[in-house]
Amino acid sequence: MKVRTRFAPSPTGFLHIGGARTALFSWAFAKKHGGQFILRIEDTDVARSTPEAVQAILDGMHWLGLDYDEGPFYQMQRMDRYKEMIQKMLQEGSAYYCYCSKEELDMLRESQMQQGLKPRYDGRWRPEEGKRLPDVPVGISPVIRFKNPLDGHVVWNDLVKGEISIANQELDDLIIARADGTPTYNFCVVVDDWEMGITHVIRGDDHVNNTPRQINMLQALEATIPQYAHLSMILGSDGQKLSKRHGAVSVMQYDDDGYLPEAVLNYLARLGWSHGDDEIFSMQQFCEWFDLDHITPSAAQFNTEKLNWLNAYYIKQADAERLTTETKTRLKAMGVVVDGDEHLSAVVALYKERANTLNELAESVAYFYRKPVIDATAAEKHLTPEVKPAIAQLAEVLKAINWQPELIHHAINEEVSRYQLKFPKLAMPLRVMMTGIAQSPSIDQVMYLLGRDEVLSRIV
RNA sequence: GUCCCCAUCGUCUAGAGGCCUAGGACACCUCCCUUUCACGGAGGCGACCGGGGUUCGAAUCCCCGUGGGGACGCCA
């Protein structure tokens, strides 16, 4: 059977890191098996779904390069189909109308909680043989509930967590259509996963509890039951759950922060999945290696340091043109104007081994295009009176030489020996004058790329 | 509260009963390289949650405890 997976986000916010990993794993699983990956937008919560969020999700997927073979499908456009199925269930008796008001339900829940019970619907409108249902109240539009089996267990072999068994007694009759007639999540998922021929449902661990209900509905519909793989959560770097207020960040934020998509992807791939000791690999490699057997069932903590390490690696690997373009964009955002791409390209080449992010790269390179801010501590330490004469002398020499890194280096060396100094004694103050700080690549390279006029103007 | 799930270095993880005096990676520390800082290279520190079983043998299997997480919506 052809593998078909899906990613089914609800458009109530951006694509965050956890969703991205779910999408990545579903995508890779389909690729690995030569199957299809489907994108489905679960927008049945009209109150919270927004077109902006849909766009944000699409943007995030696109940035990561997670392309889908089918979709995006929108559940709101499939309403007729869901309603048809609900009618069918009503007719077959696997669903029924419930006239409880929200207030009634709230009261029920509250009293159950107080008694230490698991809050759930008590089945008062559930038709049963020989049971007398309450009189239908006037002025209440009913919801439709699924008639969940009363006993037995729902058991499935979760491809990540192993066998999971839940007693039907723990489950209540969930609402599959709201009072306004619109179907709810658990029902739409069931219909869609079935009709879209999904073979493997790979999703977040927070859906484990929905699975037995969905299996029950699938069975009522006489549908094929897909395989399930529940991925555990990604925790924030502090071990806390990622939430809107707490560290959950859009994948696009990583773009803004100067991360390369391949670094984010590689990082996410290793968060909860492994292939022996392999740490760095391409997405192509990942798609060949990926399997559900090597996914950890336990939650993983997000670790920015490791992401940085991967990002630094991919920056070193990135081709010059891309880095130049990226850096230029970021410099521009900082209000720094770049002379020419060729020059920037050389500058980037000099710096790309020293940056964890593209933003760091842009920041560290900015002094080439605007006057540096001189760090007071560095200045105090290195711009000492005793090196002044040597610097002044060097400035004179630099005016006349051919502007080549080797010759600049040679000129510095000349003064070093003339004044009987050590090389750093002269290199450090130059560094501070040129860059503002005490760290930089080879000073002759820096001076060369700065250009003679700029170098002379920065010598004080 | 009830149900479900999880548990190896600080972090991500390898580990499917003997290959484990527990391997790798990030981070951290030391040294080397060096024109400073990075990069790179070589080392180092550092973990099987606790208790019971099962077994000749357990990080691996079972039970209990503890800790963490998730779910309990006319949200998805």
Side-chain angles (χ1 to χ4, degrees), chain A residues 8-12 42-45 47-49 75 98 100-102 105-106 109 112-120 141-145 158 160-162 164-167 169-172 174-180 182-186 188-189 203-212 230 232-233 235 237 239-241 267 270-280 293-294 296-310 312 316 351-356 364 378 382 409 412 416 422-428 430-432 435 437-444:
Chain A
S10 67
T12 53
E42 309 218 318
D43 52 359
T44 51
D45 184 355
R48 296 198 302 157
S49 298
Q75 290 188 321
C98 166
C100 283
S101 66
K102 286 186 188 180
L105 259 15
D106 286 344
R109 229 188 317 272
Q112 284 167 330
M113 288 283 247
Q114 266 173 4
Q115 293 172 58
L117 297 169
K118 184 172 181 162
R120 61 222 238 229
S141 8
V143 298
I144 298 169
R145 287 183 186 270
D158 195 277
V160 170
K161 292 177 185 285
I164 299 180
S165 166
I166 292 171
Q169 285 180 356
E170 294 299 328
L171 272 23
D172 62 359
L174 78 162
I175 293 172
I176 58 176
R178 303 177 178 91
D180 64 4
T182 57
T184 58
Y185 163 76
N186 270 298
C188 299
V189 167
R203 64 194 351 174
D205 179 302
D206 46 339
H207 289 287
V208 168
N209 302 270
N210 293 325
T211 307
H230 287 99
S232 54
M233 329 198 41
L235 273 19
S237 0
Q240 294 299 298
K241 186 193 175 180
Y267 178 73
R270 277 291 286 111
L271 204 57
W273 175 83
S274 62
H275 183 266
D277 289 339
D278 295 303
E279 294 288 349
I280 294 180
D293 299 340
H294 291 84
T296 342
S298 55
Q301 213 168 301
F302 193 89
N303 183 241
T304 309
E305 265 93 41
K306 190 158 178 183
L307 207 213
N308 284 344
W309 169 70
L310 279 165
K316 284 181 212 118
Y351 268 91
K352 70 171 184 178
E353 304 216 326
R354 327 164 74 84
N356 282 327
S364 59
H382 300 292
H409 188 255
I412 299 172
V416 164
K422 296 267 193 201
F423 193 92
K425 195 71 186 165
L426 207 46
M428 289 312 290
L430 283 168
R431 215 178 310 267
V432 175
T435 72
I437 57 175
Q439 301 85 245
S440 85
S442 183
I443 190 61
D444 37 35

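Each chain gets a letter, A, B and so on, in the order its sequence line appears, and its residues count up from 1.
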Asks: Could you tell me whether A:Val143 contacts a base, only the sugar-phosphate backbone, or nothing, with contacts defined as non-hydrogen atoms closer than 4.0 Å?
Replies: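 Counting heavy atoms under 4.0 Å across all strands, the contact made by A:Val143 includes a base.
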Asks: Nearest-nucleotide wise, let me know which of A:Glu42 and A:Asp205 is further upstream toward the 5' end of RNA chain B.
Replies: A:Asp205
Asks: Give A:Ser298 one of three labels, base, sugar-phosphate or nothing, depending on what nucleic acid heavy atoms sit under 4.0 Å from its own.
Replies: sugar-phosphate
Asks: With a cut-off of less than 4.0 Å, is there a side-chain N or O of A:Thr44 near OP1 or OP2 of B:A76?
Replies: yes
Asks: Once you apply a heavy-atom cut-off of 4.0 Å, does A:Pro297 come out as touching a base, just sugar-phosphate, or nothing?
Replies: sugar-phosphate
Asks: Just to confirm, is there a sub-4.0 Å distance from OP1 or OP2 of B:A14 to any side-chain nitrogen or oxygen of A:Arg270?
Replies: no
Asks: Does the side chain of A:Lys316 get closer than 4.0 angstrom to OP1 or OP2 of B:G40 through an N or O atom?
Replies: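 Yes, because at least one side-chain N or O of A:Lys316 sits under 4.0 Å from OP1 or OP2 of B:G40.
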Asks: Do the rings of A:Phe302 and A:Tyr267 sit parallel, tilted or perpendicular, given the 30° and 60° boundaries?
Replies: perpendicular
Asks: In whole Å, measure the gap between the P atoms of B:C45 and B:U8 for me.
Replies: 22 Å
Asks: Does OP1 or OP2 of B:G73 have a side-chain N or O of A:Arg109 closer than 4.0 Å?
Replies: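 A:Arg109 to B:G73 OP1/OP2: side-chain N or O found under 4.0 Å.
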Asks: Would the distance check show the side chain of A:Ser10 and the main-chain N or O of A:Asp43 forming a donor-acceptor pair, the cut-off being under 3.5 Å?
Replies: no
Asks: Quantified in whole Å, what is the C1' atom distance between nucleotide B:C48 and nucleotide B:G24?
Replies: 16 Å
Asks: Any strand counts, and the cut-off is 3.5 Å on both contacts for Watson-Crick or G-U wobble. Which nucleotide pairs with B:G18?
Replies: B:C56
Asks: Using the P atoms only, state how far B:A25 lies from B:G51, rounded to an integer number of Å.
Replies: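 B:G51 and B:A25 have their P atoms separated by 31 Å.
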Asks: Are any of A:Ser440's side-chain N or O atoms less than 4.0 Å away from OP1 or OP2 of B:U36?
Replies: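 The answer is no; no side-chain N or O of A:Ser440 sits under 4.0 Å from OP1 or OP2.
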Asks: By the 4.0 Å heavy-atom rule, please label A:Ser237 as base, sugar-phosphate, or nothing.
Replies: nothing
Asks: Considering heavy-atom distances to RNA chain B, does A:Leu271 or A:Val189 have its closest nucleotide positioned more toward the 5' end?
Replies: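 Comparing both residues, the 5'-ward one is A:Leu271.
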Asks: Counting only side-chain N and O atoms of A:Ser274, is one of them less than 4.0 Å from OP1 or OP2 of B:A14?
Replies: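 Result: yes.
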Asks: Quick one: label A:Asn210 by what it contacts on the DNA or RNA (base, sugar-phosphate, nothing), any heavy atom closer than 4.0 Å.
Replies: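 The answer is base, as A:Asn210 lies within the cut-off (heavy atoms under 4.0 Å) of a base atom.
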Asks: Is A:His275 near enough to B:G24 that one of its side-chain N or O atoms lies under 4.0 angstrom from OP1 or OP2?
Replies: no
